[in-house]
Amino acid sequence: MATPNQDIPTQYDSAATERAWYERWTAADVFSPKASDSCRTSDNPQSCKDGSAKNPFTIVMPPPNVTAVLHMGHGLNDTVQDVITRWRRMAGDAALWLPGTDHAGIATQNVVERQLGTEGKTRFDVGREAFLLKTADFVKQTGGIILDQVKSIGGSCDWDRTAYTLDEGPSSAVREAFVQLYERGLVYKGNRVIHWCSRCLTSLSDEEAEHSDETGALYHLSYPLSDGSGQSIIVATTRPETMLGDVAVAVHPDDPRYASLIGKTLTLPIANVDIPIVADTYVDPEFGTGAVKITPAHDPNDFEVGKRHALPMPIIMTPEGLLDNFSEAGERVPSNLKGVDRFEARKKIVEILKASGNLIKVETHQHAVRRCYRCNTVVEPRLSDQWFVSMKELAAPALEAVRSRKVRIVPDRWEAVYIHWLENIRDWNISRQLWWGHRIPVWYDKDGNVIVSRTTPENAHELRQDEDVLDTWFSSWLWPLSTLGWPNKESADLKAFYPTDFLITAPEILFFWVSRMIMAGYAFMDETPFHTVYLHGTVRDTNHVKMSKSLGNGIDPMDVVQLYGADALRYTVISGLGMGADLILDPNDLEKSFSPGRNFATKLWNIGRFLLSNVGTDSVDTIDSVDDSKFTRADRWILGRLNVAINECNAALGPARPNRDVWDEKDLNSGLRLNEYIETARRFVWNEVADWYLETTKARMAAGGEDREVARIVLVHVFDNALRLLHPVVPFITEELWQKLPRNAERPAEFITITNWPVENPRFQSNSEFETVRDVINALRAKRAEYAVAPGKVIDAFVIPDARSGFITEEINLIRNLTRSNLKVETGVDDPNAAHALLPDGTQVIVPLGDLVDMEKECAKLQKDLEQLEKQLVALTGRLSNPGFVDRAPANVVEAERAKQADWTTRCDQMRAKISSLCGSRG
RNA sequence: GGGCGAGUAGCUCAGUUGGUUAGAGCGCCUGCCUUACACGCAGGAUGUCGGGGGUUCGAGUCCCUCCUCGCCCACCA
């Protein structure tokens with residue numbers, strides 16, 4: 001006799017379960033693959049092909065800002081990565097999910113500066129050294145938070161390999177990359193107009209200066225000719241304060257309006273200097289007045305014009321955005337405007353010009369203003385010395401990688417965006433006038449000679465190191481390399497895990513990060529860093545506004561974990577995420593978003609409680625030990641359904657790596673449909689296992705004997721596999737339940753986390769035999785509801801099997817139990833005064849309900865069903881008699897339609913016969 | 001200015017090369033505490049697939065056009 005029921009709590013305690021399992025997983029080190037596990041470092045060079053060693057499967061985590069706390073965007077991103085990682089780990093790969101954090105130059109520095117600000121101090125008051133110590137200290141205090149939060153949502157990262165961009169390894173990678181590029185002539189110092197943030201006091205790259213469409217004003221200013229003729233040229237500008245830096249007015253060479261004026265000079269108002277009228281094709285005669293004021297130091301286009309015409313380039317603004325003179329071209333800023341803020345100066349200059357009659361008109365004007373991506377300050381174009389990376393050469397292999405399908409971008413629509421950006425790439429400004437970050441490895445001697453070095457030069461005390469630090473993204477783009485040990489090319493991890501596999505992130509950082517990583521991969525390893533880029537959607541609120549803390553429309557994942565459990569959070573995120581589609585959540589109604597996940601966990605728990613208490617703890621034989629003849633129809637059905645579920649889950653998850661060196665066309669967009677995968681698994685365990693199969697086992701389990709053992713074996717096998725299918729999405733509850741399953745040869749592993757991903761069992765063909773039983777139950781239930789039969793009342797019922805159907809005792813009992821009926825199988829029953837149902841396979845269900853039965857209604861219903869079917873049959877017949885269809889539709893479609901036609905014809909005949917026997921003249 | 005995405009049940013979304021009667025979850029209605037589960041069970045209602053036009057034997061799916069929303073890119077001052 002079996003061991004009695006296990007003691008399983010009625011209520012699932014997510015908090016306790018999650019904490020306990022996470023600790024056990026990490027204690028057992030199950031998330032840390034060794035480099036030697038990877039077939040790439042195996043002694044056997046064939047092992048990647050013949051399967052004698054594990055394939056590596058690597059994801060590097062997009063490193064969150066070190067001082068950040070987890071928001072739903074991370075929650076989504078990390079859940080997706082973890083689901084994929086857990087799937088591959090179970091599927092037999094040496095799965096590595098490598099976590100880490102980013103020092104986040106501007107962002108972190110801003111936070112610490114704000115703290116200083118509350119004490120009334122700036123970073124300049126405390127000095128560089130002290131400021132860096134203070135910032136490092138702040139990072140030490142807050143830096144671990146976000147990764148701990150990743151743990152609490154179940155992230156199966158390899159914490160032994162946790163990286164940080166300012167660690168020695170990644171820092172040496174930064175220096176190595178800089179020096180190598182410098183030696184290859186791809187890093188250079190240039191005097192250019194760059195985007196300047198006058199709040200952060202640093203230059204920004206093009207990507208860091210974000211466009212925002214705003215309504216501004218277009219000021220029309222009149223500049224008089226300096227020959228005293230009284231003539232003038234009217235120019236249009238959105239930034240009148242820059243007029244003090246004007247060095248010319250440009251017109252189109254073919255513009256007849258200005259042809260005679262080219263070469264003459266104008267007197268720049270206020271500054272009172274003479275500036276030439278030059279001809280340049282850059283000017284669009286159609287826009288504004290066709291005359292453009294040229295301010296080379298404060299506009300990138302004007303800078304180009306200035307270079308072409310060898311014009312001076314006076315800077316008239318300080319880094320703080322105040323007007324001042326820096327010009328060798330003479331005093332341009334009048335003393336009453338010096339030190340005035342740029343926007344204040346705009347007002348004042350407009351006033352002055354208005355008074356002098358030089359302001360002709362002001363139009364409202366829609367234009368794009370560029371703002372700092374960290375502090376939203378309007379950036380100022382400004383001429384300055386900066387370090388740049390020359391990008392064209394680096395971009396070429398990155399373009400080729402995507403074009404040749406070495407790298408796929410999913411969904412593929414992002415490929416066009418990626419290609420367009422790389423084709424039009426501009427040089428990357430990598431120097432930042434900040435303190436927090438990797439200092440540029442460049443020194444200058446007293447003669448101004450440049451020394452670029454991987455290490456601090458021995459005579460550093462005689463030299464001056466470049467004051468600037470590198471763009472944060474200059475360390476980020478090396479992430480897949482630096483976290484695996486580069487620049488040490490002999491690093492075991494680099495050999496075992498590079499190139500990595502999937503890069504999973506949001507589309508926002510396609511340019512900032514993803515494309516640059518691909519460039520770095522080719523530049524330094526001559527190999528792509530990953531073969532798949534999966535760009536998932538963005539988390540938004542119900543108004544489709546991106547969730548953010550500052551907007552107050554965020555959801556704290558930690559609240560969700562506490563209220564609903566990590567599994568519920570993960571389930572919600574995955575089931576709501578169409579491929580590449582945004583995830584919409586309502587921050588004001590957590591219940592609506594997350595209760596389905598919690599409810600699913602509860603359902604799973606209750607399935608487990610029932611199943612486990614029934615099967616007990618005694619050991620269970622494997623499914624292979626059971627002879628075919630021992631299975632019931634329900635057994636064969638659910639085992640067939642399991643195969644279908646496994647197959648569909650695999651198809652939704654897709655290939656983990658390309659078949660060959662490059663992706664096959666057909667695989668470019670396949671897989672990564674995580675919502676389909678979880679829906680398939682959910683349907684299997686809930687609507688098939690729980691709703692139907694479990695019910696079929698109740699009587700068998702109670703009856704005992706040999707069949708009880710068969711049912712036990714199938715129950716355990718099916719639930720075991722269902723839990724495995726679900727584990728990547730709901731890791732905690734599946735581990736908790738799986739551990740309670742009786743062990744056997746199929747379950748040798750210590751954790752479900754490291755047990756094998758389910759495989760289809762060819763022994764069990766997909767079949768629909770059991771569905772007749774289901775249809776009978778559904779029909780009887782519907783009749784009971786239709787006639788409002790009291791729930792407890794046992795009714796009589798008859799079933800007349802079709803030649804194809806047929807019922808065994810267990811099935812009859814099942815139907816009786818689930819429908820509270822006294823079902824009898826008959827062949828000759830024909831009670832005209834009863835409720836009738838005709839099942840699709842011809843099986844008839846007859847329910848004598850005495851006075852309740854309304855034959856008018858029954859006949860009307862049957863008639864309606866018949867008419868509907870006839871209508872469809874007519875349409876189908878029409879289609880089949882249409883030569884266009886028969887000739888052009890695929891053969892298998894036509895064949896299926898023909899089979900259907902035959903089926904429906906039979907069914908119509910059956911229904912007509914039924915109606916005529918039941919309803920006589922009424923039919 | 002250029003490009004992309006979305007518009008399917010009250011809400012959030014599936015719907016893979018065009019092929020029966022368009023699906024799920026939540027919500028709603030009716031009835032049930034049926035000894036795994038009321039975070040549940042059973043039964044049920046709900047859609048001119050954004051509008052219009054076209055291609056096709058056949059369109060939610062392909063083409064054109066218009067409308068609405070969102071995103072990305074962009075040196076027209």
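Residue numbers begin at 1 in each chain, while the letters A, B, ... track the order of the sequences.
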Taking the basic N atoms (NZ, or NE/NH1/NH2) and the acidic carboxylate oxygens, is any pair closer than 4.0 Å for A:D582 and A:R540?
yes
Would you say B:C75 has OP1 or OP2 under 4.0 Å from some side-chain N or O of A:R426?
yes
Just checking A:E695: base, sugar-phosphate only, or nothing, at a heavy-atom cut-off of under 4.0 Å?
base
Counting only side-chain N and O atoms of A:H220, is one of them less than 4.0 Å from OP1 or OP2 of B:A77?
no
Please report the distance, rounded to the nearest Å, between CZ in A:R683 and C1' in B:G23.
10 Å
Pairing partner (Watson-Crick or G-U wobble, both distances under 3.5 angstrom) of B:A24
B:U12
If I pick the C1' atom on B:G18 and the same atom on B:C63, what distance separates them, to the nearest angstrom?
13 Å
Just checking A:I607: base, sugar-phosphate only, or nothing, at a heavy-atom cut-off of under 4.0 Å?
base
Touch check for A:D280, heavy atoms < 4.0 angstrom, all strands: base, sugar-phosphate only, or nothing?
nothing
Can you see if the side chain of A:R370 gets near the phosphate of B:C75 - specifically, an N or O under 4.0 Å from OP1 or OP2?
yes
Need the pair for B:G7. Rule: Watson-Crick or G-U wobble, both distances under 3.5 Å, any strand; none if unpaired.
B:C67
Using heavy-atom distances to pick each residue's nearest nucleotide on RNA chain B, tell me which of A:F610 and A:N778 is more 5'.
A:F610
Counting any heavy atom closer than 4.0 Å, what does A:Q11 reach on the DNA or RNA strands: base, sugar-phosphate only, or nothing?
base
Is the backbone N or O of A:V730 less than 3.5 Å from a side-chain atom of A:R570, with the two atoms forming a donor-acceptor pair by type?
no
Protein-nucleotide distance (A:N606, atom CG; B:C39, atom C1'), rounded to Å
9 Å
Touch check for A:W904, heavy atoms < 4.0 angstrom, all strands: base, sugar-phosphate only, or nothing?
base
Are OP1 or OP2 of B:G25 and a side-chain N or O of A:N599 less than 4.0 angstrom apart?
no
What do you reckon, is CD of A:E870 surrounded by more than 12 foreign heavy atoms closer than 6.0 Å?
yes
Using the P atom as the reference point in each nucleotide, state the distance between B:G15 and B:C62 in Å, no decimals.
12 Å
Looking for any heavy atom pair under 4.0 Å, which part of the strands does A:R413 touch: base, sugar-phosphate only, or nothing?
sugar-phosphate
Whole angstrom is fine here: how far is it from CZ in A:R239 over to P in B:C75?
14 Å
Is the NZ atom of A:K900 crowded by more than 12 outside heavy atoms at less than 6.0 Å?
yes
Separation of the P atoms in B:C26 and B:C66, to the nearest angstrom
41 Å
Looking at A:R682 and A:E679, is any side-chain nitrogen of the basic one under 4.0 Å from a carboxylate oxygen of the acidic one?
yes
Could you check whether A:F511 gets within reach of a base, just the sugar-phosphate, or nothing at all, counting any heavy atom under 4.0 Å?
sugar-phosphate
For the side chain of A:T602, starting at C-beta, report the closest nucleotide among B:C37, B:C75, B:C72.
B:C37
Could you give the distance separating B:G44 and B:G25 at their P atoms, to the nearest angstrom?
14 Å
What does nucleotides 6-15 of chain B look like as a protein-contact string, B for base, S for sugar-phosphate only, - for none, at under 4.0 angstrom between heavy atoms?
-----BSSSS
side-chain N/O A:W686 vs B:C41 OP1/OP2, d < 4.0 Å:
yes
Residues A:E207 and A:R426 bridged, charged N to O under 4.0 Å:
no
Side-chain contact check for A:D691: nearest option of B:G25, B:C41, B:A74 is B:C41
Report the base-pairing partner of B:C73 (Watson-Crick or G-U wobble, both distances below 3.5 angstrom), or none.
B:G1
Decide yes or no on side-chain hydrogen bond (donor to acceptor under 3.5 Å, both in side chains) for A:D246 and A:T295, but give the supporting numbers first.
CA-CA 4 Å; A:D246 288 1; A:T295 322; 2.6 Å; yes
Does a side-chain N-to-carboxylate-O contact under 4.0 Å join A:E380 and A:R239?
yes
Nearest heavy atom decides the nucleotide; on that basis, is A:T289 or A:I777 closer to the 5' end of RNA chain B?
A:I777
For residues A:E208 and A:Y373, is any side-chain donor paired with an opposing acceptor at under 3.5 Å?
yes
Rounded to the nearest angstrom, tell me the gap between atom CG in A:D213 and atom P in B:G2.
13 Å
Counter-base of B:C62, judged by Watson-Crick or G-U geometry with both distances under 3.5 Å
B:G54
Rounded to the nearest Å, what distance is computed from the CZ atom of residue A:F287 to the C1' atom of nucleotide B:G1?
12 Å
Which value, in whole Å, describes the distance between the C1' atoms of nucleotides B:G27 and B:G1?
44 Å
Tell me what A:K698 touches on the nucleic acid: a base, only sugar-phosphate, or nothing, going by heavy atoms under 4.0 Å.
base
Partner of B:G31 by Watson-Crick or G-U wobble geometry, both contacts under 3.5 Å, or none?
B:C41
Could you check how far CG of A:D255 sits from P of B:A77, rounded to whole Å?
18 Å
The single option from A:I509, A:V514, A:L510 passing side-chain contact (heavy atoms from CB on, under 4.5 Å) against A:F512:
A:I509
Indicate, with a heavy-atom threshold strictly under 4.0 Å, whether A:A788 touches base, sugar-phosphate, or nothing.
nothing
For A:H367, does the NE2 atom have more than 12 heavy-atom neighbours from other residues, nucleotides or ligands under 6.0 Å away?
yes
Taking atom C1' in both B:G2 and B:C49, compute the distance separating them and give it to the nearest angstrom.
30 Å
Look at the side-chain N and O atoms of A:K603 and state whether any lies under 4.0 Å from the OP1 or OP2 oxygen of B:C41.
yes
Quick one: label A:H195 by what it contacts on the DNA or RNA (base, sugar-phosphate, nothing), any heavy atom closer than 4.0 Å.
nothing
What is the distance, rounded to the nearest whole Å, between atom CZ of A:R598 and atom P of B:A38?
12 Å
Using the P atoms only, state how far B:C13 lies from B:C71, rounded to an integer number of Å.
15 Å
Whole-angstrom distance between B:A9 and B:U55, as gauged at atom P:
28 Å
A:H367 NE2 to B:A74 P, straight-line distance once rounded to whole Å
17 Å
Can you find a side chain N or O atom of A:H420 that sits less than 4.0 Å from OP1 or OP2 on B:C72?
no
Under a 3.5 Å limit for both distances, which nucleotide forms a Watson-Crick or G-U wobble pair with B:U17, could you say?
none
